[in-house]
Amino acid sequence: MAKEQGPMSGFRDLLAEQMLPRDDVLDTIKEVYGTYGFVPLKTPALERLATLTGKYGDEGEGLMYRFKDNGGRDVAMRYDHTVPLARVVAQYGQELPKPYKRFALGEVWRGESPQAGRYREFAQFDADIVGSSSYLADSEVIAMMSDAMSAIGVGAVIRVNDRRLLDGLAQECGITDKKGFLSLIGSIDKVDKIGQEAVVAEIEEAHGISAAKIVDDFLSIDGTTEQKLLKVSELVKNENSDEGIGSLSSILGTLAFSGYSEKSVVFDQTIARGLSYYTGTIYETTLTDLPSIGSVCSGGRYDKLIEQLGGPDTPAVGTSIGVDRLMEAMRQLGVQKDIKTRTQVYVTKVDGTVDRERFAIVQGLRKAGIAAELVYEDAKLGKQIKAIDKLGVEHILIVGTDEVGKNIVILKNLETGEQTEVPNSELANKVASLNNK
RNA sequence: GCGGGCUUAGCUCAGUUGGUUAGAGCGUCUGGUUGUGGUUCAGAAGGUCGUGGGUUCGAUCCCCAUAGCUCGCCCCA
């Protein structure tokens with residue numbers, strides 16, 4: 001059958017069984033972010049083309065969804081949350097609190113060719129601290145990522161590095177031009193994918209044997225965070241790397257002091273991040289039980305970006321969660337909740353003459369904060385129960401003329417099969433207590 | 001932008017070395033008598049075999065084209 005009536009390639013419908021667990025995860029993350037004082041920011045899905053052009057490089061530009069709107073204006077779909085943030089900072093700079101800690105959750109659109117775990121419309125959940133270059137800001141963002149992963153029940157380790165360390169490494173390798181540097185970083189970034197040997201070979205080809213030797217030694221460094229930092233500082237000695245190591249020591253030391261062990265936050269000199277705009281701390285998140293899915297949450301410090309994007313010269317550090325990849329990971333890990341509805345009680349229909357009473361019962365439950373529904377159409381009770389059970393609703397009420405006459409309802413637990421008569425007056429409390437268990 | 005794979009029932013897929021009524025599992029529906037499900041039993045509905053052309057007495061199967069989907073590379077989340 002033609003599958004041409006579905007959504008376009010790279011776009012998806014998310015039905016209740018995807019959206020409900022997703023909402024739960026996002027709510028949990030929002031709560032965590034809230035405990036750090038982050039406030040929400042919503043920017044439009046559509047921006048003026050001029051706001052977005054020239055910000056993502058030629059490649060990004062080509063991937064942007066752009067068109068003329070009905071009034072003939074050039075517009076483009078939001079491509080990420082960072083450029084809109086820069087616009088907001090430029091526009092409201094004076095009014096914003098300092099530091100400005102905001103999170104942004106929403107869809108972004110990129111006209112890439114879709115692949116496994118990559119879509120043309122996908123949600124990003126960004127959190128950034130704008131206006132401070134303090135290492136405490138970096139520390140908070142990393143701690144917050146770690147907390148968020150714990151809160152949603154996913155084991156994760158955040159691997160932290162510093163861009164300046166890599167700058168220093170490049171310097172040691174005799175690489176001074178930006179292009180060479182990006183190629184070096186690009187190679188190092190692939191170490192998880194292709195292995196150290198292949199990376200070293202690639203670097204030897206591009207930058208010569210002595211550079212390859214240094215990188216090989218660099219990548220081989222092992223041990224605890226503290227040991228590794230020491231060894232790196234011995235191997236790469238220059239101003240750049242010293243800054244990076246100093247900053248990493250402060251951040252990781254501070255985090256360790258607050259109980260973030262090496263199981264949750266580590267120094268990893270192989271983290272490179274392909275993006276060119278990072279200036280300091282960089283980090284990625286590896287899921288303990290599903291490393292192959294890649295980083296579900298990553299970011300770093302980008303002190304020059306907001307200025308480049310047309311805002312004021314403002315330091316910033318932030319993180320971005322790939323919501324869809326995270327949900328996919330949770331599905332694969334089997335930790336995604338299996339829910340199709342939030343309804344707690346379903347009132348069945350056994351007798352059409354008591355619809356008013358059934359409706360009133362449902363309204364009473366709803367007023368008490370309980371999610372309740374009632375069956376509309378006549379059907380065999382067995383069929384009703386089957387359908388309700390399939391939805392995953394645990395309790396049903398049976399209300400017919402007998403029950404209405406006695407001012408009671410029959411409450412049945414579909415999991416245990418247990419069934420009791422409950423006086424109408426006690427119903428809401430009874431149901432509430434069931435769901436609190 | 002480059003390369004591979006796929007497209008048969010609502011879903012996941014068989015299948016025909018080209019030949020009369022295209023199959024399975026799951027799902028859906030009906031029934032195993034009146035207000036009690038998840039197991040089970042009996043039965044039913046449901047397919048222009050992606051679209052267009054060609055070869056052939058005959059095509060879902062072969063050829064060409066086209067579209068859609070999908071997976072890699074690049075880049076990224």
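Each chain gets a letter, A, B and so on, in the order the sequences are listed, and its residues count up from 1. Small disclaimer: the values here were computed from a predicted structure and weren't measured.
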request  = Hey, which sits more toward the 5' end of RNA chain B by its nearest nucleotide, Gly10(A) or Glu112(A)?
outcome  =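 Closest to the 5' end, via its nearest nucleotide, is Gly10(A).
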Tell me: [atom1] of [X] to [atom2] of [N], nearest whole Å?
{"X": "Leu105(A)", "N": "rA77(B)", "atom1": "CG", "atom2": "P", "value": "17 Å"}
{"X": "Leu15(A)", "N": "rG10(B)", "atom1": "CG", "atom2": "P", "value": "17 Å"}
{"X": "Asp128(A)", "N": "rA77(B)", "atom1": "CG", "atom2": "P", "value": "13 Å"}
{"X": "Met149(A)", "N": "rA77(B)", "atom1": "CE", "atom2": "C1'", "value": "12 Å"}
{"X": "Glu377(A)", "N": "rC29(B)", "atom1": "CD", "atom2": "C1'", "value": "16 Å"}
{"X": "Arg325(A)", "N": "rA77(B)", "atom1": "CZ", "atom2": "C1'", "value": "5 Å"}
{"X": "Asp80(A)", "N": "rA77(B)", "atom1": "CG", "atom2": "P", "value": "9 Å"}
{"X": "Tyr277(A)", "N": "rC75(B)", "atom1": "OH", "atom2": "P", "value": "16 Å"}

How far does the [atom1] atom of [N] sit from the matching atom of [M], given to the nearest Å?
{"N": "rG68(B)", "M": "rU55(B)", "atom1": "P", "result": "27 Å"}
{"N": "rG52(B)", "M": "rA44(B)", "atom1": "P", "result": "33 Å"}
{"N": "rG72(B)", "M": "rC29(B)", "atom1": "C1'", "result": "43 Å"}
{"N": "rC74(B)", "M": "rG1(B)", "atom1": "C1'", "result": "9 Å"}
{"N": "rU16(B)", "M": "rC63(B)", "atom1": "P", "result": "16 Å"}
{"N": "rU8(B)", "M": "rG47(B)", "atom1": "C1'", "result": "8 Å"}
{"N": "rC6(B)", "M": "rU66(B)", "atom1": "C1'", "result": "16 Å"}
{"N": "rC41(B)", "M": "rG32(B)", "atom1": "C1'", "result": "8 Å"}

query = Checking side chain to side chain donor-acceptor pair (under 3.5 Å) for the pair Gln124(A)/Asp80(A): CA distance, chi angles, key distance, verdict?
reply = CA-CA 8 Å; Gln124(A) 281 192 319; Asp80(A) 69 2; over 6 Å; no
query = Base, backbone or nothing for each nucleotide of nucleotides 33-45 of chain B, written B, S, -, heavy atoms under 4.0 angstrom, 5' to 3'?
reply = --BBBB-------
message = On the nucleotide rU70(B), are OP1 or OP2 found under 4.0 Å from the side-chain N or O atoms that Ser9(A) carries?
response = yes
inquiry  = OP1 or OP2 of rA77(B) versus the side-chain N and O atoms of Gln124(A): is any pair under 4.0 Å?
reply    = no
request  = Taking salt bridge (charged side-chain N to carboxylate O under 4.0 Å, His left out) as the test, write out the residues that go with Asp147(A), two or more places apart.
outcome  =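 With sequence neighbours excluded, Asp147(A) shows a salt bridge (charged side-chain N to carboxylate O under 4.0 Å, His left out) to no residue whatsoever.
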request  = For the residue pair Tyr302(A) and Tyr277(A), categorise the inter-ring angle as parallel (less than 30°), tilted (30 to 60°) or perpendicular (more than 60°).
outcome  =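 The rings of Tyr302(A) and Tyr277(A) stand perpendicular, inter-plane angle above 60°.
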Result block: side-chain N/O donor-acceptor pairs under 3.5 angstrom for residues 422-429 of chain A, not counting sequence neighbours:
residue   : atom : partner   : partner atom : Å
Asn424(A) : ND2  : Asn407(A) : OD1          : 3.0

What is the pairing partner of [N], taking Watson-Crick or G-U wobble pairs with both distances under 3.5 Å in any strand?
{"N": "rC62(B)", "value": "rG54(B)"}
{"N": "rG43(B)", "value": "rC29(B)"}
{"N": "rC74(B)", "value": "none"}

ask   = Per the atom types in the model, does the base of rC71(B) pair as donor or acceptor with the side chain of Arg118(A) at under 3.5 Å?
value =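 When only heavy-atom distances are counted, Arg118(A) does not reach the base of rC71(B) through any donor-acceptor pair under 3.5 Å.
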query = So what does Met327(A) hit on the nucleic acid, given a heavy-atom distance under 4.0 Å: a base, only sugar-phosphate, or nothing?
reply = nothing
task = Would you indicate what Ser295(A) reaches in the nucleic acid, counting non-hydrogen atoms under 4.0 angstrom: base, sugar-phosphate, or nothing?
result =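 Here Ser295(A) touches the backbone only, sparing every base.
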key: Minimal non-hydrogen separation, Asp24(A) against Lys337(A), with atom names   =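 In terms of heavy atoms, the two residues are closest at OD2-NZ, 3.0 Å.
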remark   = Residue pairs meeting salt bridge (Lys or Arg N to Asp or Glu O under 4.0 Å), one or both in residues 389-399 of chain A, sequence neighbours left out, come to none
key: Within residues 369-386 of chain A or reaching into it, pairs that qualify as salt bridge (Lys or Arg N to Asp or Glu O under 4.0 Å) - sequence neighbours excluded   =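 Residue pairs passing salt bridge (Lys or Arg N to Asp or Glu O under 4.0 Å), neighbours aside: Lys349(A)-Asp378(A).
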Centroid separation Tyr119(A) to Phe11(A) less than 6.0 Å = no
List, one per line, each side-chain donor-acceptor pair under 3.5 Å for residues 133-141 of chain A, sequence neighbours excluded.
residue   : atom : partner   : partner atom : Å
Ser134(A) : OG   : Leu136(A) : N            : 2.9
Asp138(A) : OD1  : Arg301(A) : NE           : 3.1
Asp138(A) : OD1  : Arg301(A) : NH2          : 2.8
Asp138(A) : OD2  : Thr281(A) : OG1          : 2.6
Asp138(A) : OD2  : Arg301(A) : NE           : 3.1
Ser139(A) : OG   : Tyr135(A) : O            : 2.8
Glu140(A) : OE1  : Lys101(A) : NZ           : 3.1

